[in-house]
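Presented below is the structure to which this report refers.
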Amino acid sequence: MSTIPRYVPPPPVPGGTLLVGGGVGGRGSAPYRPAPRRDSVSSWRWRHRAAYGACWVAGLSLCLIAVAILGYMAVEGVQYLSLEMLVTRPEPSLDQAQTGGILDPILGTLILTVMAILIATPLGAVAAIWIVEYGRPRWLARTIESGIEVVAGTPDIVLAIFGLAIFQLPLFAPLSFTADGGGVFGRSFFAASAMLSLIAIPMVFSATREGLLQVPAHVREASWALGKTRICTIRSVLLPVVRRHIATGSTLGMGRIVGDTAIVVVLLGGSLQITPVGDVPVLDVLKGSGSTLTTYVYNASPAGEGNAPQKAYAAAFVLLVLVLLLNAVATSIGKRSSPLEAHS
Amino acid sequence: MNRSDHLDPPGAFDPREAIFQEDGSALDPPTLPPPVRRVRVDQTPVAVPPETDRFVPVRDRISGPERMRVDHLTVRYGDAAAVKDVSLPIHQGEVLALIGPSGCGKTTLLRTLNRLTETTESASRDGGVLLDGQEVEQIDPTALRRRVAMVFQQPNLFPMSIFDNVAYAIRVQNKKTPRRRELEPQVIDALRRAGLYDEVADGLDRPALRLSGGQQQRLCIARAIATRPEVLLMDEPCSALDPKSTAVIEALIGELRRDLAVVIVTHNLAQAHRVADKVAFMFLGDLVEYGDVQQVFEAPVAHRTRDYVAGAFG
């Protein structure tokens, strides 16, 4: 006689409420499921581990490089920087103590940046508006787009040499110093800012184009359907929307202009101080030669003819702060929400 | 890994270990009775009479004079004809619903009425579209579109204030004059007619894009009717809206048709039935049937209309 197994009731559960398996025996009959193992690197295959490690190394080393540059420049720059230096004109001297300050390079950078961006912003924005909103005939649109790409890809020293060739033409004599014999110097704030604007135009152009392409077609049609012309639609509806894109592009372009060296070396005449030409106020400065922070750093460093490495570090620090500031401004403009996304 | 680490609190009871014989050897768990589940027999359904008055529009017939006439109109995109030889009258005081499956040319026909198809490069048209007897080609598009206004599928307000959205429609191009004070009565009147004024009266300077979807669409309607157009074109105005806002807009359409001719494209047959006086059924670019709403929905002539209205395709 087979023994019928005796059912032994389960002992009371400590705590009493933890048994939630759903009825008698529910938990006992549930299949055993191990808890999901935590996904850890130690369980990966070695190739994935190596790639993961490489990502960390690459990221951290880039951070390290950035911190090193900033730290070094901050330590070296702040050490030699003084308020007096910012407001003193530079003097050519072999003795570092006699070389004066960096007032003229700072002013030169400001003048050049403002002039170049004033040329670049309308040109870039208008070109983008034409490409996106009109763009006919199509071959012309394609030509313009590839033209801007070519300009964007041209090394700035090539732009500089080209600019020199252009501005030495007799046609552009009023824009720079003309020697007694009639030879055109071809180097001035006008010439340098015109060529520098070419660096910023592609950035303004692409930022504006992206902004316009983001505006849905039915927003334009809504304006057209109210009997508005294309120009009126661009002016009243599209421009307010892409304003922040234009601002972002211009600010990034300003960062590039501030940091450019080759064009300034070739096209600004390479004089340490701002040297006006002629006697018309304002215009004489723009016709004359000068320097910017970048050329000052180059010239004052042991690489250039000057020998004022401490001044070079100080100027380089000012330059770095200026560029970082412009990039931060560009980022903060770009983060602002689009006026078309105001509903949420 | 010990399963008790993660499954059970320490000391918890595991029934699998508890079922054993007296000699200690484990046994199969005893078969337990299945859980008792109460099954409720469905009640006999009570027949609820459908809300017939909601679906059979019994309204005053206020048909006015003919405003627009589409005359043997053919619209092509490149070589493909989107609208083929369509002729239709559009009367003031009536709502004309264009129905039909997707891609049958309803929207193209609608956009041809205010010459918006011209903005598509490949589009070309044959035949006539007349506004008050005048060929629309001979009217300046900016003037035409102020007389034949349009409301789109998505609420597409401009990133301006509520007031400026309506004022923008009234102003000639982007002239700054007339000034705000002179425009205010017209703007408020348009908002009133669109049934929106009471909701936004306290903040006409708030950004229009902060309104709810239904309010945005009514502001679009206010913007469209601000210039006192003769014809109002609506391209699926409710397809992005919830049922409540849809009902509000449908009621609004019923009001608006007193003063102007309304042409509405809709995929929603029930909506066409609710709001329309005349229905035009289009299929693959052809106008298959045009007639009173009751006739098209209840006694369609063409078999394609019958199948579509009955829901056989579409």
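Treat the numbers as computed from the prediction; the structure is a model and nothing was measured. In the text below, chain A, chain B and the rest are named by the order of the sequence lines, each starting its count at 1.
Only the backbone of B:V172 comes within contact range of chain A, judged by heavy atoms closer than 4.5 Å. Heavy atoms of A:R136 lying under 4.5 Å from chain B belong exclusively to its side chain. Using a 4.5 Å cut-off between heavy atoms, A:V241 touches chain B through its side chain atoms alone. Only the side chain of B:R111 comes within less than 4.5 Å of a heavy atom of chain A; its backbone N, CA, C and O stay farther away. With a 4.5 angstrom heavy-atom cutoff, B:E121 touches chain A only via side-chain atoms. Of the atoms belonging to B:R223, heavy atoms from both backbone and side chain fall under 4.5 Å from chain A.
Of the inter-residue distances, the one linking B:R171 atom CZ with A:L226 atom CG reads 13.0 Å to the nearest 0.5 angstrom. One finds the OG1 atom of B:T142 at 13.5 Å from the CZ atom of A:R230 (value rounded to the nearest 0.5 Å). Taking CG of B:N114 as the start and CD of A:E221 as the end, the distance is 9.5 Å to the nearest 0.5 Å.
Top candidate by heavy-atom pairs under 4.5 Å with chain A, chosen from B:M160, B:Q154, B:R146, is B:Q154. In terms of heavy-atom pairs under 4.5 angstrom with chain A, the leader among B:L144, B:T227, B:T119, B:V151 is B:T119.
Contact between A:A225 and B:M150 at its shortest, heavy atoms only, is CB-CB, 4.1 Å. The two atoms that bring B:F158 and A:V219 nearest to each other are CE2-O, 3.6 Å, heavy atoms only. A pairwise comparison of heavy atoms in B:Y168 and A:C232 identifies OH-SG, 3.7 Å as the closest pair.
At most 12 non-hydrogen atoms from other residues, nucleotides or ligands lie less than 6.0 angstrom from CZ of A:R235.
Applying a 4.5 Å heavy-atom cutoff, none of the residues of residues 119-133 of chain A approach chain B.
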